[in-house]
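Here's the structure we're looking at; comments come further down.
Note on naming: letters A, B, ... go to the chains in the order of the sequence lines (proteins, then strands), and numbering restarts at 1 for each one.
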Amino acid sequence: MRLVQIREEQDIVRARTTAKEAACELGFGLVDQTRISTAVSELARNIFLYAGEGDARIEELENPHAGLRITFTDKGPGIEDVELAMKDGWSSSKSMGKGLPGAKRLCDRMEIYSKPAQGTTVIIEKWLLQ
Amino acid sequence: MLGISSIPILKLRDFLIVSIQIDLHDRMAEQLQQDILEQISQTQAKGVLIDISALEMVDSFIGRILADTARMASTLDSEIVIVGMQPAVAITLIELGLSLGGVRTALNLDEGYELLQQTLEEKASEEQTSGEALAEEADEAGSD
């Protein structure tokens, strides 16, 4: 397990670099490594932009799928309407609105748990296909 | 070496050449955008080649910065060509939902240079043709 604390902007780079290293060690190919680091970059940036700080926890998965799970947690303002936030092109800031739906397309599984004023947890998984 | 972001911007005749060799964090990407635009304005460069072959990922933020820079440069009468994107990065960009709409790309520096030259020649001949058309119109107007 690797933990990356997201406190400042450069931690976005640390999060994606750490996730890519973990993916490489687990035997993911270059395209999947790139998908993982890109998704992590989007989600780590969301923490930095919306919550100010939070954590990215990177873990190896064994059952039922071998792969990587990354859990992003923050105690920020939360997402009022998760369904709306998952829509392409929707953005509450000046970004392009690709963050959440884009990250989901790059992964095999993505779940969001959020309550206004309590924070957000986003879990993504990428599976190693045999 | 020009510019104040830690990424060098080289001038070669009418063109600027930028090679991004490090993982860009957000503020550095914004600084690079500003540096490129300032250098275009100062040197009156007609084109800019941005080599991203060392970039291991382009997320929505960096993608937006690249696309915006290209649009801003064209308002300064300069053309930007992005060269050397890794195949894995290209695949991921499309899956992410970014099209880099309107940004011209080439496989490598050589082809990017050719593309810039070609674009500038086309631009010059268009300007000439429209200039001639205007002159003809003026002639016709005069003979009436």
Pick from Gln10(A), Arg45(A), Arg35(A): which one has the most heavy-atom pairs with chain B under 4.5 Å? Arg45(A)
With rounding to the nearest 0.5 Å, note down the distance linking CD in Gln86(B) to OG1 in Thr34(A). 7.0 Å
With only heavy atoms counted, which part of Leu30(A) is less than 4.5 Å from chain B, the side chain, the backbone, both or neither? both
Ring pair (Phe, Tyr, Trp, His ring centres under 6.0 Å) partners of residues 35-57 of chain B, not counting sequence neighbours, each pair once: none
To the closest 0.5 Å, what do you measure between CG (Leu84(A)) and CD1 (Ile79(A))? 10.0 Å
Expected list for residues 17-24 of chain A: side-chain donor-acceptor pairs under 3.5 angstrom, two or more places apart:
| unit_1 | atom_1 | unit_2 | atom_2 | d |
| --- | --- | --- | --- | --- |
| Thr17(A) | OG1 | Val13(A) | O | 2.6 |
| Thr18(A) | OG1 | Arg14(A) | O | 2.6 |
| Lys20(A) | NZ | Glu56(B) | OE1 | 3.3 |

Enter the distance from Gln34(B):CD to Gln39(B):CD here, rounded to the nearest 0.5 Å. 11.5 Å
In terms of the angle between their ring planes, are Phe15(B) and Tyr113(B) parallel, tilted or perpendicular, with boundaries placed at 30° and 60°? perpendicular
When every non-hydrogen atom of Gly63(B) is compared with those of Leu98(B), the smallest separation belongs to CA-CD1, 4.1 Å
What residues of residues 72-83 of chain B sit under 4.5 Å from chain A when you count only heavy atoms? none
Any chance you could measure Glu122(B), atom CD, to Thr129(B), atom OG1, to the nearest 0.5 Å? 11.0 Å
Pair Leu93(B), Met85(B) - check side chain to side chain contact (heavy atoms under 4.5 Å, CB included), show working. CA-CA 10 Å; Leu93(B) 258 184; Met85(B) 186 184 292; 3.6 Å; yes
Which residues in residues 107-120 of chain A have any heavy atom lying under 4.5 Å from a heavy atom of chain B? none
Going by an N to O cut-off under 4.0 Å, is there a salt bridge joining Asp68(B) and Arg64(B)? yes
